[in-house]
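See below for the structure under consideration.
Computation of the quantities below employed the complete heavy-atom set of this structure, encompassing side-chain atoms and omitting hydrogens, waters and symmetry-equivalent molecules.
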Amino acid sequence: MSMTEIEITRHITDTFPGVDVLVGSKEAGSPEVAWGDIFFSYDPDGTLAPEKKFPFATIVTKDYGDFDAASNLNRQGVFRLNIGVSKASFEATVSGEEHDFTALDKVMPHPVYGKMFWLCVLNPSQETFRAVVQPLLAEAYQRAAQKISNRSES
């Protein structure tokens, strides 16, 4: 059984303190293409300026035109969880094989941002989420927290 966007959001907010959740909207100043997408950033005090927030994970619910359409997210009920990880974790998680970016429940490089060590999975199953995705989210969160910690120490 697949996880839902709500279950994934709940896991992230219940597990990781200091997470800011932004749902793209007109009111939030997001570009229209991002409306409804979910962005998870580390902002423990809620004081980071919007331009300083960089998500460690996102949930995208539709194609972004020709720029990011390889996952065919315009299918009914399909979403993509994206996670920014270290180079080592990225390389340990994905192989050099060709990837079907439309495949459900398969962790793979992000079709656009894979070169920046972003992974993705479309509609992860509960099993894949527990066994593979949760540790990747924990790493992405820790990396985001460390970046903010390093900034405050400077």
Practice prompt. Could you check D63 against R75 for salt bridge (Lys or Arg N to Asp or Glu O under 4.0 Å), going step by step and ending with a plain yes or no?
Written response: CA-CA 9 Å; D63 291 335; R75 295 175 283 167; over 6 Å; no
Practice prompt. Please lay out, stage by stage, how N72 and T102 fare under the test side-chain hydrogen bond (donor to acceptor under 3.5 Å, both in side chains).
Written response: CA-CA 6 Å; N72 191 18; T102 65; over 6 Å; no
Discussion item. Please evaluate residues E32 and K62 with respect to the criterion salt bridge (Lys or Arg N to Asp or Glu O under 4.0 Å), reporting the C-alpha separation (whole Å), side-chain torsions for both, the decisive distance (0.1 Å), and the verdict.
Written reply: CA-CA 11 Å; E32 188 171 351; K62 65 199 138 323; over 6 Å; no
Worksheet entry | Intermediate values then yes/no, side-chain contact (heavy atoms from CB on, under 4.5 Å), V85 and T93 | CA-CA 10 Å; V85 297; T93 304; 6.0 Å; no
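Put simply, the side chain of T58 never gets that close to the backbone of I38: no donor and acceptor are under 3.5 Å apart. Put simply, the side chain of N123 gets close to the backbone of G77: a donor and an acceptor are under 3.5 Å apart. Checking side-chain atoms of R80 against main-chain N and O of S71 turns up no donor-acceptor pair under 3.5 Å. At distances below 3.5 Å, not a single donor-acceptor pair connects side-chain atoms of E139 with backbone N or O atoms of L136. The backbone N or O of S30 sits less than 3.5 Å from a side-chain atom of W35, completing a donor-acceptor pair. Of the possible polar contacts, none joining the D20 side chain to the D43 backbone as a donor-acceptor pair under 3.5 Å is found. Between the S89 side chain and the S86 main chain, no donor and acceptor come within less than 3.5 Å of each other. The closest donor-acceptor contact from the side chain of T15 to the backbone of H11 lies under 3.5 Å.
Here F101 and H110 keep their ring centres 6.0 angstrom or further from each other. Checked against a 6.0 Å centroid threshold, the rings of Y42 and Y141 count as neighbours.
Checked options E97, E91, H99; the residue passing with S95 is E97 (criterion: side-chain hydrogen bond (donor to acceptor under 3.5 Å, both in side chains)).
Between L119 and N82 the shortest side-chain heavy-atom distance does not fall below 4.5 Å. Between L137 and F40 there is no side-chain heavy-atom pair separated by less than 4.5 Å.
In this structure, D105 and S125 approach most closely via the heavy-atom pair OD1-N, 2.7 Å. For the residue pair F67 and V112, the shortest heavy atom distance occurs at O-CG2, 3.4 Å. Residues A103 and L122 approach most closely at O-CB, 3.7 Å, considering heavy atoms. Of all heavy-atom pairs between S41 and F56, the closest is C-CE2, 3.9 Å.
Separation of atoms SG (C120) and CD1 (I59) is listed at 13.0 Å; rounding is to 0.5 Å. Going from atom NZ of K87 over to atom CZ of F117 covers 5.0 Å, rounded to the nearest 0.5 Å. F79 contributes atom CZ, which lies 8.0 Å from atom CE of M3 (distance to the nearest 0.5 angstrom). With rounding to the nearest 0.5 angstrom, the CD atom of Q134 is 11.0 Å from the OG1 atom of T128.
At a cut-off of 3.5 Å, with distance as the only test, a side-chain donor of D37 or T61 sits close to an acceptor on the other residue.
Summarising the local packing, OH of Y113 is surrounded by 12 or fewer heavy atoms from other residues, nucleotides or ligands at distances under 6.0 Å. The neighbour count for Q126 CD, taken as heavy atoms of other residues, nucleotides or ligands under 6.0 Å away, is above 12.
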